[in-house]
Q: 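Structure provided below as structure tokens; questions to follow.
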2 protein chains.
Amino acid sequence: MLTISQLAAYAGVTVRAVRHYHRIGLLPEPERDRSGYRIYDAVAVVRLIRIRTLADAGVPLARVQELLDAGPEVFAGGVQEIDKALHAEIRRLQNTRSRLARLAAGEHLALPQSVVDYLDRLRGLGVEERYIEMERDAWIMIAAQVPHSIDSVIAKKHEELDDPEMVKLYSLLSGALDWPADDPRIVEVADIMERLMVRAVEAGEVDADDGIDDQFVDLLDSTMVESSPHAARLLAILEERGWRGWTRIERVPAERLKTELPPS
Amino acid sequence: MLTISQLAAYAGVTVRAVRHYHRIGLLPEPERDRSGYRIYDAVAVVRLIRIRTLADAGVPLARVQELLDAGPEVFAGGVQEIDKALHAEIRRLQNTRSRLARLAAGEHLALPQSVVDYLDRLRGLGVEERYIEMERDAWIMIAAQVPHSIDSVIAKKHEELDDPEMVKLYSLLSGALDWPADDPRIVEVADIMERLMVRAVEAGEVDADDGIDDQFVDLLDSTMVESSPHAARLLAILEERGWRGWTRIERVPAERLKTELPPS
DNA sequence: TGGAGGGTTGACCCAGCGTCAAGGTCAAGC
DNA sequence: GCTTGACCTTGACGCTGGGTCAACCCTCCA
């Protein structure tokens, strides 16, 4: 008959694995010769190869035992189920391969395609890479907060970009990263923004219910303020004119303007 | 920013996993708010999603860390390697699926195709299933002992089956399982075997160097003897006529016949 | 004010073996 | 008969990638 290493080699497993199967009762302990060595017959070979076939399919050993000790119809059902899982796993790995390819190509993978397309459109308009990166990080955070509605939010941004004034605004903002602190062009930016805001309010496009949490809106705004000295000046100018916010624009009633000051 | 559960949900991992990555230093511990809660930024999202993409590809976390902290060319090389492994894994799973299908179809998988074909040929000759099973188990043991030369051994058996006398022999042996203990047809079997042996010796086809270990040959012979009472009688008749063995046939010189008796 | 639903750390548990450790056995050569 | 090297034996600990309590703290809302 066979020694344990012959058995193991033929079935393509290690000796250690065979002994493990004995301990957990998956493979019955065979007879021993007079020196205590295990000696195996063909039945053991068949069982071990069946065990490996199922285990290679990713079936836990406890389930392998159930299946091998069950009737033929239970076994067939189990095998069918395993095959389905195997098929799903193959597709998962294929999917992982394509994600890996995107990762190698330099994509961040942290954003849905719609946002990536939007950032590419900005890039196409000549917006600087530094500015795009700031936008990207903001979008990553937004997508993390409201993954379900990110596509519709982006759709709105695309519509906004159809307006040449908005395109102009972006190209100014992009360049603004290098402006001196008191650059007068910031007023031009404020003018464009105000025109855009007025138009948006008139078209009834300003809805506070975009699904993004208030605190989070404040946070994005303050991140923006920290990113550039111009941002604070810009917000101040707009606030004088009765507007508040950046991420989400609000009209501030004139009479409240003097009493309500920003907390910080 | 994001809490741990928001981060985890967006990246598709559990909170526990994120904390695990912190412990092993894979994801840097972020700032805490004043109550000790971790707060995450976009950089953490990007890193976590990269971690998951690599981990989903089956990369050990230690290697993920190496890759993410390495330069772009090392990273690219690593990713390529991982992709190769992934591809190999997909093929392995596809292979496992086909083995699984064969298992479900009732195959034993413990034998190479050549032996399965050989057994099918015996079946086609009308040999009984009980006899086939005995043969199968013997072939499993032989294949386990000499996996590299099993195909050539089987090729020889196929040639033997081209001889109508051999076919007759098998059909008799198959039926012999139900013969009464003293059935005279056993002599007919012996006659056929002797004719076949004589022819084999004349053709120079008997070579002791078939790669199968002597002890193992003895073992197969004794298994055969135990399997049926006729087997012992058959061997006895042949031995009277100067032949020894079953698995491997040997001519015994006439002068040694009287002095050398079987030990048991 | 208290309860739900977050968050925090820490400790133990799991499969499926790999990897020593510390020997006993067998076959072969000298 | 002795040694050598390749096997065999049991037993115990280690590893990955977290899951699953436990015991407690923080925040928010009614």
Q: Below 3.5 Å, does any donor atom in the side chain of Arg19(A) face an acceptor in the base of dT9(D), or the other way round?
A: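 Looking at the base of dT9(D), it does not pair with any donor or acceptor on the side chain of Arg19(A) (distance under 3.5 Å).
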Q: Which nucleotide, dC26(C), dC17(C), dC8(D), lies nearest any side-chain atom of Ser35(A)?
A: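 The nucleotide sitting nearest to the side chain is dC26(C).
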Q: Please determine, by modelled atom types, if Trp243(A) and Glu239(A) share a side-chain donor-acceptor pair under 3.5 angstrom.
A: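 No, no side-chain donor-acceptor contact under 3.5 Å.
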Q: What integer distance in Å separates Tyr40(A):OH from dC7(D):P?
A: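 Roughly 16 Å, once rounded to whole Å.
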Q: Write down the distance between CZ (Arg34(A)) and C1' (dT9(D)), rounded to a whole number of angstrom.
A: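 To the nearest whole Å, that distance equals 16 Å.
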Q: Could you state the CG-P distance from Leu26(B) to dT16(D), rounded to the nearest angstrom?
A: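 Whole-Å distance recorded here is 13 Å.
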Q: Please state how far atom CD1 in Ile24(A) lies from atom C1' in dC17(C), giving the value in whole angstrom units.
A: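 That distance rounds to 10 Å.
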Q: Heavy atoms under 4.0 Å, any strand shown: does Arg23(A) hit a base, just sugar-phosphate, or nothing?
A: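 Touches nothing.
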Q: dG18(D), dT9(C), dG7(C): which one has an atom nearest the side-chain heavy atoms of Thr3(B)?
A: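 Nearest to the side-chain atoms of Thr3(B), counting from C-beta on, is dG7(C).
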Q: Side chains of Leu111(B) and Ile140(B), heavy atoms from C-beta outward: is any pair under 4.5 Å?
A: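 They are in side-chain contact.
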Q: Could you give the NE2-to-C1' distance, from His20(A) to dG11(D), as a whole number of Å?
A: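 The distance from NE2 of His20(A) to C1' of dG11(D) comes to 15 Å, rounded to the nearest Å.
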Q: Of all the nucleotides listed (dC8(D), dC17(C), dG18(D)), which has the minimum atom distance to the side chain of Leu61(A)?
A: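 The answer is dC17(C).
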Q: Answer yes or no: is there a side-chain heavy-atom contact under 4.5 Å between Ile154(B) and Gln113(B)?
A: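 SC-SC contact between Ile154(B) and Gln113(B) ruled out.
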Q: Using whole Å, report how far CD1 of Ile39(A) lies from P of dC26(C).
A: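 Atom-to-atom, Ile39(A) to dC26(C), this comes out as 13 Å.
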Q: For a quick test of reading the model, state the closest non-hydrogen atom pair linking His20(B) to Leu61(B) and the distance between them.
A: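 The answer is CD2-CD1, 4.1 Å.
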Q: From C-beta outward on Tyr37(B), which listed nucleotide comes closest to its side chain: dG7(C), dG19(D), dC7(D)?
A: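 The closest nucleotide is dG7(C).
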Q: Could you grab the distance from atom CZ of Arg99(A) to atom CG of Leu109(A), nearest 0.5 Å is fine?
A: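 If I round to the nearest 0.5 Å, the distance is 5.5 Å.
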Q: Does a nitrogen or oxygen in the side chain of Tyr21(B) sit under 4.0 Å from OP1 or OP2 of dG18(D)?
A: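 Yes, within the criterion.
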Q: Counting just side-chain N and O atoms, does Thr14(A) come under 4.0 Å of either OP1 or OP2 of dC17(C)?
A: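 So the side-chain polar atoms of Thr14(A) never come under 4.0 Å of the phosphate oxygens OP1 or OP2 of dC17(C).
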Q: Return the value, rounded to whole Å, for the distance between atom CG of Asp33(A) and atom P of dT9(D).
A: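 Atom CG in Asp33(A) sits about 9 Å away from atom P in dT9(D).
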Q: Just compare dC17(C), dT9(D), dT9(C) and give me whichever is closest to any side-chain atom of Arg32(B).
A: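 Per side-chain heavy atoms of Arg32(B), the pick is dT9(C).
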Q: Round to a whole Å and report the spacing from CG of Asp56(A) to P of dG16(C).
A: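 Checked: the CG to P distance equals 12 Å.
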Q: Which nucleotide wins on minimum distance to the side chain of Arg38(B), given the candidates dC17(C), dG18(D), dT8(C)?
A: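 Among the listed nucleotides, the one closest to the side chain of Arg38(B) is dT8(C).
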Q: Is any side-chain N or O of Arg16(B) under 3.5 Å from a base N or O of dT20(D), one able to act as donor and the other as acceptor?
A: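 In this structure, the two groups form a donor-acceptor pair.
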